[in-house]
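First the structure, in the form of structure tokens, and then the observations on it.
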Amino acid sequence: LRGADDLIIMPLQCGTQWDSLAHIMFEERMYNGYSADQVSSKGAHKNHIGMARSDVAGRGVLLDIARYKGVDALEPGYAITDDDLEGCARSQGVEVMRGDFLLVRTGQMGQRRANGWGDYAGGDAPGLGLASVPWIAEHEVASVSTDTWGMEVLPNETEDVFQPLHIIFIVHMGLLVGEIFDLETIGADCADDGQYEFLFCAPPLPITRAVGSPVNPMAIK
């Protein structure tokens with residue numbers, strides 16, 4: 001008898017991943033008003049990623065902003081607005097509804113995969129801008145994910161606060177945020193058949209008290 005096992009050591013948010021509601025704090029508070037000291041070297045005692053382990057499955061919707069704009073990829077620093085989201089949804093003939101898992105394609109991952117990763121992690125990038133917040137809040141989506149490193153536009157639109165949308169979405173709205181999603185295959189498939197909604201399933205790993213988790217999302221048509 002012979003067998004084989006593997007060992008993996010990795011930052012939990014170094015690839016396609018979910019941010020938990022314990023990932024971001026603002027003014028010493030995280031979502032639901034819990035104190036920031038509820039997260040320590042012993043992990044997150046509140047809002048940990050394991051709380052979502054059985055809940056991340058449902059209707060997924062792709063908004064392919066890059067194709068809507070007629071480009072392979074949005075330019076670094078392009079801030080996606082509410083008009084972009086609404087216009088894209090209308091052009092695709094899809095309605096974003098309460099509880100949907102929203103995927104927003106900028107094209108940056110496909111561009112960087114072809115031309116070199118460069119400063120993909122932390123560098124200038126297209127992403128959701130502050131003007132997208134009312135639209136996302138009004139549609140009451142369950143999550144928002146993009147194909148970029150940080151989900152929101154970089155450089156940020158605020159000089160005094162880093163990653164302001166993380167504060168709004170995670171700390172104040174309790175929204176599940178996904179980053180570094182590979183949306184190239186699903187983007188091409190949706191453009192081919194005109195169907196931009198699908199069964200989406202992407203539960204996080206139930207890692208004890210973790211503030212994020214790698215994920216292998218599936219879009220099933």
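Numbering starts at 1 and runs along the sequence shown. Atom set for the values below is all heavy atoms of this structure, side chains included, hydrogens, waters and symmetry mates excluded.
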Checklist entry - Are D189 and K221 close enough, and set up right, to give a side chain to side chain contact (heavy atoms under 4.5 Å, CB included), and what steps lead you there? => result CA-CA 10 Å; D189 187 84; K221 291 186 173 181; 2.7 Å; yes
Item to check | Which residues share a salt bridge (charged side-chain N to carboxylate O under 4.0 Å, His left out) with D119, sequence neighbours left out | outcome: R112
Checklist entry - Is there a donor in the side chain of D72 and an acceptor in the side chain of Q111, or the other way round, less than 3.5 Å apart? => result no
Next on the checklist: Does either side chain, that of K69 or that of Y78, offer a donor lying less than 3.5 Å from an acceptor on the other one?
Outcome noted: yes
What is the distance from atom [atom1] of [X] to atom [atom2] of [Y], rounded to the nearest 0.5 Å?
X    : Y    : atom1 : atom2 : value
T106 : L183 : OG1   : CG    : 8.0 Å
I170 : S20  : CD1   : OG    : 7.5 Å
F169 : L21  : CZ    : CG    : 13.5 Å
W135 : L128 : CH2   : CG    : 10.0 Å
Y31  : L175 : OH    : CG    : 10.0 Å
F101 : R59  : CZ    : CZ    : 12.0 Å

Any donor and acceptor pair, going by atom type alone, linking the side chain of [X] with main-chain N or O of [Y] inside 3.5 Å?
X    : Y    : value
N47  : A44  : no
D82  : P134 : no
Q163 : N156 : no
W18  : A202 : yes
H48  : G50  : yes
Q17  : S213 : no
D100 : M97  : yes
T81  : D84  : yes

Next on the checklist: Checking C190 against Q195 for the side chain to side chain contact (heavy atoms under 4.5 Å, CB included) test, could you report, in this order, the C-alpha distance in whole Å, the side-chain angles of both residues, the deciding distance, and whether it holds?
Outcome noted: CA-CA 5 Å; C190 290; Q195 184 74 24; 5.9 Å; no
Next on the checklist: Once salt bridge (charged side-chain N to carboxylate O under 4.0 Å, His left out) is applied, what residue pairs with a partner in residues 121-150 remain, sequence neighbours excluded?
Outcome noted: R98-E140
Checklist entry - Which pairs, with at least one residue in residues 156-181 and sequence neighbours excluded, count as a salt bridge (charged side-chain N to carboxylate O under 4.0 Å, His left out)? => result none
Checklist entry - What class does the angle between the rings of F200 and F181 fall in, given that below 30° is parallel, 30 to 60° is tilted and above 60° is perpendicular? => result parallel
Checklist entry - Can you name the nearest heavy-atom pair linking P204 to V56, along with the distance? => result CD-CG2, 3.9 Å
Checklist entry - Should the pair R105-E184 be classified as a salt bridge under the 4.0 Å nitrogen-to-oxygen rule? => result yes
